[in-house]
Amino acid sequence: MGDSPDIFGAATGGDPDGEDATRPNAAELEAAGQNALFGSAPAEEQAPSAAPAAPPAAPPDATPVEAKAEPAQPYRVLARKYRPQTFDQLIGQDAMVQTLANAIKRDRLAHAFLMTGVRGVGKTSTARLIAKALNCIGPDGQGGPTIDPCGVCEPCRAIAEGRHIDVIEMDAASHTGVDDVREIIEAVRYAAVSARYKIYIIDEVHMLSRNAFNALLKTLEEPPAHVKFLFATTEVDKLPVTVLSRCQRFDLRRITSPMLKDHFAWVCREESVEAEDEALSMVAGAAEGSVRDGLSILDQAIAHADMATDGEGTFVTAEQVRDMLGLADKGVQRRLLTAILSGDAVEMLTVIDNQYSLGVEPLALMRAQMDLVHRITLYQLGRKGGRGAEPDAPTAEEREAIGAWAEQLRPAQLHRLWQLLLKGHDEVRTAPDPLASAQMALLRVMHAAEMPDPGELMRRLDDISSRPVAAAKTEGQGGAQGASAEAGLAAEAGLAAKAGPDWETLVESVENAGALRVGQIMRDYVRVVELANGRLRYHLSPEFKGDAAPDLRDGLARATGEKWLVEQAGADEDAAPSLGEAARARAEAETRSIQDSSLVKAALAAFPDAKLLEHGRIDDDAAAAEGRRYRQA
């Protein structure tokens, strides 16, 4: 007997098809879920229950759900993107890399390293590379310390990402106190968690306080075997000598401009950017030996080029870099120097005004002229030294101009130009109106360029002195003075012979015996008539008032230990001049001889307002006067 049908006419006895028919299908389940989440549909939109198998109509505003794209990675600046990850990528520090490689190979690793140098040469990057080199375990996990870290093992990747638990970086600029150092001292006692060495990288270490340095000294001198300290600083002179003596020091060098230019060209190739050689040379020059500064400038130049070309491709030109940095055009630099050397003031001022209107700062103009003079000087020295060096210039036109100036200008002129430009540069930098200061400074340089240098001036004076007119003038006007000078010298020689050399020796003996006042009287006022052992006859100059015989007798006795007969001679007896009078006569004769020189006369004729200064005589007279005041005291 079969099962009776249910109220819908279907059999109820064990028919699986009937049971499945009463179950909701997948579409109904999805619709029920949508209703539970977003509410049921309105009554008029619901399907009649008599047709449950019919799929519900999709809402009119329903759209297919698209898979969401992963968000793009944020842009990283070139200075971070191209930070060296291996020692091979660290440019310009070959000596340091060689030292570290040998130390690792020979297992002679210091416990503390100090990296110093200007900004952006790789101090912090070197510290991280050393941390990698010491903790690298290789791709197979069995490696040891190496100068070529693999970069794929977990320690290398963790250090590169700044998340390694055993490599602790501390910025000393914001952690300057003893408490910060105390944390390090407490932590070094514990072994590394997962790495071979626990490494502390302290950046800008010179910012630590004096007490912090003192607290670190003992730990820095004798750290545990598993601890290494890596210090980085730009001002090594601020570090205590007690810290310096405990570290192995590496002085990172400035990167040369050619090396920077090659590095920037490689970066441009990696970034699919084209750049002119002159543009890269400008960026390298503006970097001043710093890789980070140069990459930041290059980053800005690439962005500037994108805006300028308006989607036509990234091509960095020299003109764009020049506008971005506010540099003077190379052609304008040469034009300005040409105007200065030719003495064309109008052209020079026009060039300055045009550059100023284009946004070039007066200080940049002065610096550009200094750079041009410097390159001319270096090329001139290289050419004369036989090295055959090419001028330091990116274009053939500039190399030709530098070579022509090197042939035309003398070294003395180049040195004078440099000194004047350097003085003008300092004036422009501190002037309230830089434009006016630059104009006046370059006008001074232009006028000074027309003046002869000292060597040329001496040659001109020699030419003037060798002319017949000058010689005749010398003979006509200076004959009487020359004769009188010769006569004065002859008379002086005779008087000196009459006075005898023993008198000056005797005066010095009196002064050495302590009778300074008596020695002054004998030197300045006593005119010897007769001098013998134990006997002195003399005249006194009219300037001396009083009787000098007792003082002379006492001073001579103290100097020689004998009694002297001292008396004044008669007025009709001849006497030699005093030692002071003889010295003044010699000085006057020497002055007359110099004044009668043809060269001096030629100089005075060329420069009527010039005066002859006698520095040696002035200094001698001042010393003698000081000595006399001392003896009188």
Is any side-chain heavy atom of H206 closer than 4.5 Å to a side-chain heavy atom of T234? yes

CZ (R76) with more than 12 external heavy atoms under 6.0 Å: yes

Please name all residues satisfying ring pair (Phe, Tyr, Trp, His ring centres under 6.0 Å) with W266, sequence neighbours left out, ordered by chain then number. Y82, H263

When you measure from the side chain of R367 to the backbone N and O of H425, does any donor-acceptor pair fall under 3.5 Å? no

Measure the shortest side-chain to side-chain distance between Y200 and I184 over non-hydrogen atoms and say whether it is less than 4.5 angstrom. yes

By side chain to side chain donor-acceptor pair (under 3.5 Å), which residues pair with E222, not counting sequence neighbours? none

Which is it for T242 and E221 under the side-chain contact (heavy atoms from CB on, under 4.5 Å) test, yes or no, and what are the steps along the way? CA-CA 10 Å; T242 51; E221 183 176 7; over 6 Å; no

Is the number of heavy atoms from other residues, nucleotides or ligands within 6.0 Å of CE (M440) greater than 12? no

So L372 and I402, do their side chains get closer than 4.5 Å, heavy atoms only? yes

What residues, two or more places apart in sequence or in another chain, satisfy side chain to side chain donor-acceptor pair (under 3.5 Å) together with T176? none

Salt bridge between E154 and R157, side-chain N to carboxylate O under 4.0 Å? yes

Which is it for I352 and M348 under the side-chain contact (heavy atoms from CB on, under 4.5 Å) test, yes or no, and what are the steps along the way? CA-CA 6 Å; I352 296 174; M348 186 193 73; 4.3 Å; yes

Whether K81 and E270 form a salt bridge (side-chain N of Lys/Arg under 4.0 Å from carboxylate O of Asp/Glu) is what I want to check. no

Carboxylate-amine/guanidinium proximity below 4.0 Å for D371 and R375: yes

Quick one: does R246's side chain get under 4.5 Å of L217's, heavy atoms only? yes

Enclosure of D107 CG (heavy-atom neighbours >12, cutoff 6.0 Å): no

Check whether Q89 reaches the backbone of Q85 with its side chain - one donor and one acceptor, N or O, closer than 3.5 Å. yes

Given 3.5 Å as the limit, does a donor-acceptor pair link the side chain of K261 with the main chain of V283, or not? no

Begin with the C-alpha distance, continue with both residues' side-chain angles, and end with the deciding distance and a verdict on side-chain contact (heavy atoms from CB on, under 4.5 Å) for H374 and M370. CA-CA 6 Å; H374 176 247; M370 293 172 62; over 6 Å; no

Nearest 0.5 Å, please: how far is CG in L336 from CD in Q369? 4.0 Å

Between R249 and D251, is there a salt bridge with N-O shorter than 4.0 Å? yes

Above 12 or not: heavy atoms from other molecules or residues under 6.0 Å from CG of L244? yes

Heavy-atom neighbours of R80 CZ exceed 12 at 6.0 Å: no

Listed pairs under 3.5 Å, donor-acceptor, residues 357-366 side chains, sequence neighbours left out:
residue: S357; atom: OG; partner: D353; partner atom: O; Å: 3.3
residue: S357; atom: OG; partner: N354; partner atom: O; Å: 2.6

Measuring from atom CZ of F264 to atom CG of D277, what distance do you get when rounded to the nearest 0.5 angstrom? 14.0 Å

Without swapping roles, check the side chain of Q380 against the backbone of A406 for a donor-acceptor pair under 3.5 Å. yes

Residues two or more places apart in sequence or in another chain: which of them pass side chain to side chain donor-acceptor pair (under 3.5 Å) with D237? none

Compare all side-chain heavy atoms of I159 with those of P149 and state whether any distance is below 4.5 angstrom. no

So does E204 pair up with K238, basic N to acidic O under 4.0 Å? no

Would you check if R416 and R410 make a side-chain contact, meaning some heavy-atom pair closer than 4.5 Å? no

How long is the gap from CG on L78 to CD1 on I297, to the nearest 0.5 Å? 12.0 Å

Verify side-chain contact (heavy atoms from CB on, under 4.5 Å) between F229 and V188, making sure each step is shown before the conclusion. CA-CA 10 Å; F229 288 99; V188 295; 4.2 Å; yes

Rounded to the nearest 0.5 Å, what's the gap from CG on L443 to CD1 on I340? Could you check? 9.0 Å

Would you compute the distance between atom CG of L220 and atom CZ of F231 and round it to the nearest 0.5 angstrom? 4.5 Å

Expected output: side-chain D166 to main-chain A195 donor-acceptor under 3.5 Å: yes

Please examine the side chains of L109 and L100, heavy atoms only from C-beta on, and report whether any two atoms are closer than 4.5 Å. no

State whether K423 and E427 are salt-bridged, where the test is any N-O pair (Lys NZ or Arg NE/NH1/NH2 against Asp/Glu carboxylate O) under 4.0 Å. yes

Would R83 and S125 count as a side chain to side chain donor-acceptor pair (under 3.5 Å) if you check the C-alpha gap in whole Å, the side-chain angles of each, and the deciding distance to 0.1 Å? CA-CA 7 Å; R83 182 185 289 270; S125 298; 2.9 Å; yes

I'd like to check the side chain to side chain donor-acceptor pair (under 3.5 Å) partners of D148; sequence neighbours left out, ordered by chain and number. none

With rounding to the nearest 0.5 Å, note down the distance linking OG1 in T219 to CZ in R189. 10.0 Å

So for atom CZ, which belongs to R196, do other residues, nucleotides or ligands contribute more than 12 heavy atoms lying within a distance under 6.0 Å? yes

Indicate yes or no: at least one non-hydrogen side-chain atom of M96 is less than 4.5 angstrom from one of L90. yes

